[in-house]
S.K.: 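Provided herewith is a single structure, encoded as structure tokens, for subsequent inquiry.
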Amino acid sequence: MTPQKNTTLGEFIIENQSEFRYSSGELSRLINSIRLAAKVVNHEVNKAGLVDILGDAGDTNVQGEDQQKLDVYANNAFIKTLTNREIVCGIASEEEDDFITIKGRNEKNDNKYVVLIDPLDGSSNIDVNVSVGTIFSIYRRVTPEGTPVTIDDFLQPGNKQVAAGYIIYGTSTMIVYTTGHGVNGFTLNPAIGTYYLSHPNMRFPENGTIYSVNEGNYVHFPQGVKDYIKYCQSEEEDRPYTSRYIGSLVSDFHRNMIKGGIYIYPNTAKDPNGKLRLLYECNPMAFIAEQAGGKASNGFERILDIQPTELHQRTPFICGSLNMVQKAEAFMQKHKRS
Ligand code: AHM
Ligand code: MG
């Protein structure tokens, strides 16, 4: 069914739940809990600028409430909301060293899904009023229902994700997600607290003219990435490309998906595996990218095919418009060992 603009997220979930591979009500409950937590976090993010008035992290505000750092606040909000539904058996978060086990109804461990989340990515941008985001990834557990979750439930390759998405707290707040049937974006109308389908069937343009990379680290980049950047800057055909880097993965990705572009966070001499986390940053973005006709790789291998070995594992990340990522990979291949 072609999604209709202005459908609410609630209506959209119900209309499309038959596309979900597993029991339909489960997906609705999961996405619903994420949309609810997103509203709570959105409210808090939007008043972050008032911190000087309301009090800093660690202080007590005028209402006598403890002020929390926003990333801690977001982490607690998502964990609380996801725990309250009888659907998630485990959560892994960028903010938590280890995964959290949720025993569910009557302590029976019979919930079926694990959620991996970066509750507030790019949070260093908050102090300067620049967009931040939440990234989430959902898997079906691999261990038997009725037993406690184990690390194996979380260390699944990205190609096993059943849903993934992000929330962007920007000039407006949006939820963008996929269940493996394309990508749709919903914008929050803050006046009434409802998300409306504003970006149906989002697609990465096959080609783009934007490259997003922290060029301050150029001297530390592998030769393939250096050469690709020089290619982007050379004066030929539709080049030089435009350089745009917010330093907030969700925002850079979102812009590139709409306009056509490539995001690169390579390995460097200092960070041999790059900076970004495979499980709750790169995999969900890679799933969305592929569902939107784009591509995501570590330069040599499809992100979604990497078998994770650690919860907080990092990976180099190249993601965006298909032809741009393929071109960057070709440069990487030439210098496999540098
Ligand atoms: P974080 O999880 O500590 O917020 O780091 C992830 C962020 C991404 O959103 C962003 O693309 C990248 O780090 C920016 O890093 P850098 O400042 O090194 O360019
Ligand atoms: Mg992060």
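Both ligands and their constituent atoms are indexed starting at 1 by order of listing.
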S.K.: So, for Y231 and F331, is the gap between ring centers shorter than 6.0 Å?
M.R.: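 When the ring centroids of Y231 and F331 are compared, they turn out to be within the sub-6.0 Å range.
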S.K.: Are F317 and Y265 close enough that their ring centers fall under 6.0 Å?
M.R.: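 Here the rings of Y265 and F317 have centres that are no less than 6.0 Å from each other.
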S.K.: Can you figure out which of V132, N125, D121 has its heavy atom closest to atom 8 (C) of ligand 1?
M.R.: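 Shortest heavy-atom distance from atom 8 (C) of ligand 1: D121.
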S.K.: Among the N, O or S atoms of D121, which one sits nearest to the Mg ion (ligand 2)?
M.R.: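 Closest to the Mg ion (ligand 2) among those atoms: OD1.
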S.K.: Under 3.5 Å, is there a donor-acceptor pair linking the side chains of N32 and R35?
M.R.: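 Checked: N32/R35 side chains pair up, N/O donor to acceptor below 3.5 Å.
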S.K.: So if I apply the side chain to side chain donor-acceptor pair (under 3.5 Å) rule between S93 and each of D98, N76, N75, which one comes out positive?
M.R.: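 Between S93 and the candidates, side chain to side chain donor-acceptor pair (under 3.5 Å) is satisfied uniquely by N75.
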S.K.: Among the N, O or S atoms that E281 has, which is closest to the Mg ion (ligand 2)?
M.R.: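 Going through the N, O and S atoms of E281 one by one, OE2 ends up nearest to the Mg ion (ligand 2).
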S.K.: Could you point out which residue of E329, E206, E290, E301 forms a salt bridge (Lys or Arg N to Asp or Glu O under 4.0 Å) with K295?
M.R.: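 Testing K295 for a salt bridge (Lys or Arg N to Asp or Glu O under 4.0 Å) against E329, E206, E290, E301 leaves exactly one candidate, E329.
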S.K.: Going by the order shown, which atoms of ligand 1 are within less than 4.0 Å of some heavy atom of G247?
M.R.: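 Matching atoms, with element in brackets: 9 (O), 10 (C), 11 (O), 14 (C).
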S.K.: Please identify which atoms of ligand 1 are closer than 4.0 Å to at least one heavy atom of E94.
M.R.: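 Every atom of ligand 1 under 4.0 Å from some heavy atom of E94: 1 (P), 2 (O), 3 (O).
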S.K.: With clusters defined by side-chain heavy atoms of hydrophobic residues (ILVMFWY) lying less than 4.5 Å apart, directly or transitively, does L82 cluster with I13?
M.R.: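 Yes, one cluster joins them.
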S.K.: Only heavy atoms count here, so choose which of Y265, F253, Y245 is nearest to atom 18 (O) of ligand 1.
M.R.: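 Of the listed residues, Y265 has the closest heavy atom.
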S.K.: With rounding to 10 degrees, what does the angle D118:OD2 / the Mg ion (ligand 2) / E94:OE1 come to?
M.R.: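 The OD2/OE1 angle about the Mg ion (ligand 2) sits at 70°.
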S.K.: If we set the cut-off at 4.0 Å for heavy atoms, which region of L120 has an atom near ligand 1: side chain, backbone, both, or neither?
M.R.: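 For L120, there is no contact with ligand 1 at all, from either part.
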S.K.: Any donor-acceptor pair under 3.5 Å linking the side chain of N298 with the backbone of F300?
M.R.: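 Here the side-chain-to-backbone pair exists.
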S.K.: Check whether S321 reaches the backbone of M324 with its side chain - one donor and one acceptor, N or O, closer than 3.5 Å.
M.R.: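 No, because the side chain of S321 does not come within donor-acceptor range (under 3.5 Å) of the backbone of M324.
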S.K.: Heavy atom under 4.0 Å from ligand 1: found in S123's side chain, backbone, both, or neither?
M.R.: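 Answer for S123: backbone.
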S.K.: Quick check: does G122 get an N/O under 3.5 Å from an N/O on ligand 1?
M.R.: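 So ligand 1 has an N or O lying under 3.5 Å from an N or O of G122.
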S.K.: So that I know where these two stand, are Y196 and F186 an aromatic pair - ring centroids less than 6.0 Å apart?
M.R.: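 So the answer is no for these two rings.
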S.K.: For ligand 1, which atoms sit closer than 4.0 Å to a heavy atom of E281?
M.R.: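 Selected atoms, number and element: 2 (O), 6 (C).
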S.K.: Please confirm whether Y166 and F253 have ring centers closer than 6.0 angstrom.
M.R.: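 Yes - the distance between ring centres of Y166 and F253 falls below the 6.0 Å cut-off.
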S.K.: At a 4.0 Å threshold, what atoms of ligand 1 neighbour a non-hydrogen atom of D118?
M.R.: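 Every atom of ligand 1 under 4.0 Å from some heavy atom of D118: 2 (O).
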S.K.: Within the structure, is a non-hydrogen atom of R277 found at a distance of less than 4.0 Å from ligand 1?
M.R.: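 R277 does not count as a contact of ligand 1 under the 4.0 Å cut-off.
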S.K.: Between R239 and S234, do the side chains contain a donor N or O and an acceptor N or O under 3.5 Å apart?
M.R.: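 Looking only at side-chain atoms, R239 and S234 do form a donor-acceptor pair, the distance falling under 3.5 Å.
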S.K.: Answer with side chain, backbone, both or neither: which part of L249 has a heavy atom less than 4.0 angstrom from an atom of ligand 1?
M.R.: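 For L249, backbone and side-chain atoms both sit under 4.0 Å from ligand 1.
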S.K.: Any N or O on D252 sitting closer than 3.5 Å to an N or O of ligand 1?
M.R.: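 In this structure, D252 places no N or O atom under 3.5 Å from an N or O of ligand 1.
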S.K.: Which residue owns the protein heavy atom closest to atom 13 (O) of ligand 1, what's the atom, and how far is it?
M.R.: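 For atom 13 (O) of ligand 1, the nearest protein heavy atom comes out as K275 NZ, 2.8 Å.
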S.K.: For Y263, take its heavy atoms, then give the atoms of ligand 1 lying under 4.0 Å from any of them.
M.R.: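 Matching atoms, with element in brackets: 10 (C), 11 (O).
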